[in-house]
Trainee: 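Have a look at this one.
Counting begins at 1 with the first residue of the sequence. Since we're looking at a predicted model, the values are computed, not measured.
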Amino acid sequence: MIHPLLAFLATPMAAPETSRLRRLRHAWVLLCVALLLAVVLNPAIVGFVGPLGALPALLLLIAMPVMGLIYWRAKTNADAAWNQAKNQECEA
């Protein structure tokens with residue numbers, strides 16, 4: 001019998017990435033990069049456009065965590081389902 005901790009360490013913790021998860025991850029990373037650019041360029045945009053120039057950074061500041069939650073929830077669900085399927089294979 002294998003010790004449960006050794007079985008846990010031998011079990012990969014990440015499910016294979018589906019195309020949907022890949023798209024979500026890419027979208028989240030792009031939002032992070034866009035937020036970085038919006039923050040760095042914010043003084044120039046606000047100086048050029050006025051106070052409304054801060055709106056893109058604000059919208060990205062709201063969209064990035066929302067997309068992050070969607071991605072991490074989907075990733076966690078995929079990992080849990082994959083681990084459950086792997087555990088059922090090991091028990092059989």
Side-chain angles (χ1 to χ4, degrees):
M1 181 173 156
I2 299 175
H3 189 275
L5 183 57
L6 292 176
F8 176 75
L9 291 173
T11 304
M13 294 305 295
E17 188 175 53
T18 63
S19 61
R20 178 178 181 269
L21 281 175
R22 188 177 316 110
R23 282 193 310 270
L24 286 173
R25 180 174 50 86
H26 288 169
W28 184 62
V29 169
L30 287 174
L31 281 174
C32 291
V33 170
L35 178 61
L36 173 74
L37 289 174
V39 168
V40 169
L41 297 174
N42 194 38
I45 296 171
V46 169
F48 184 70
V49 179
L52 288 178
L55 192 59
L58 178 64
L59 293 174
L60 288 167
L61 189 63
I62 293 168
M64 193 211 41
V66 170
M67 184 59 147
L69 286 172
I70 292 169
Y71 168 69
W72 288 108
R73 188 170 188 177
K75 174 78 171 128
T76 302
N77 288 340
D79 287 346
W82 190 76
N83 283 333
Q84 185 177 14
K86 279 296 195 182
N87 286 338
Q88 288 175 355
E89 269 183 24
C90 290
E91 291 174 2

Trainee: With rounding to the nearest 0.5 angstrom, report the CZ to CG distance, Arg25 to Leu30.
Mentor: 10.5 Å
Trainee: Measuring from atom CG of Leu31 to atom CG of Leu36, what distance do you get when rounded to the nearest 0.5 angstrom?
Mentor: 12.5 Å
Trainee: What residues form a salt bridge (Lys or Arg N to Asp or Glu O under 4.0 Å) with Arg22, not counting sequence neighbours?
Mentor: Glu17
Trainee: Using a 3.5 Å cut-off and no angle test, enumerate the donor-acceptor pairs between side-chain atoms of residues 44-73 and protein atoms at least two apart in sequence or in another chain.
Mentor:
none

Trainee: Salt bridge (Lys or Arg N to Asp or Glu O under 4.0 Å): which pairs involve residues 37-59, sequence neighbours left out?
Mentor: none
Trainee: Can you name the side-chain contact (heavy atoms from CB on, under 4.5 Å) partners of Ala74, sequence neighbours left out?
Mentor: Arg20, Leu21, Leu24
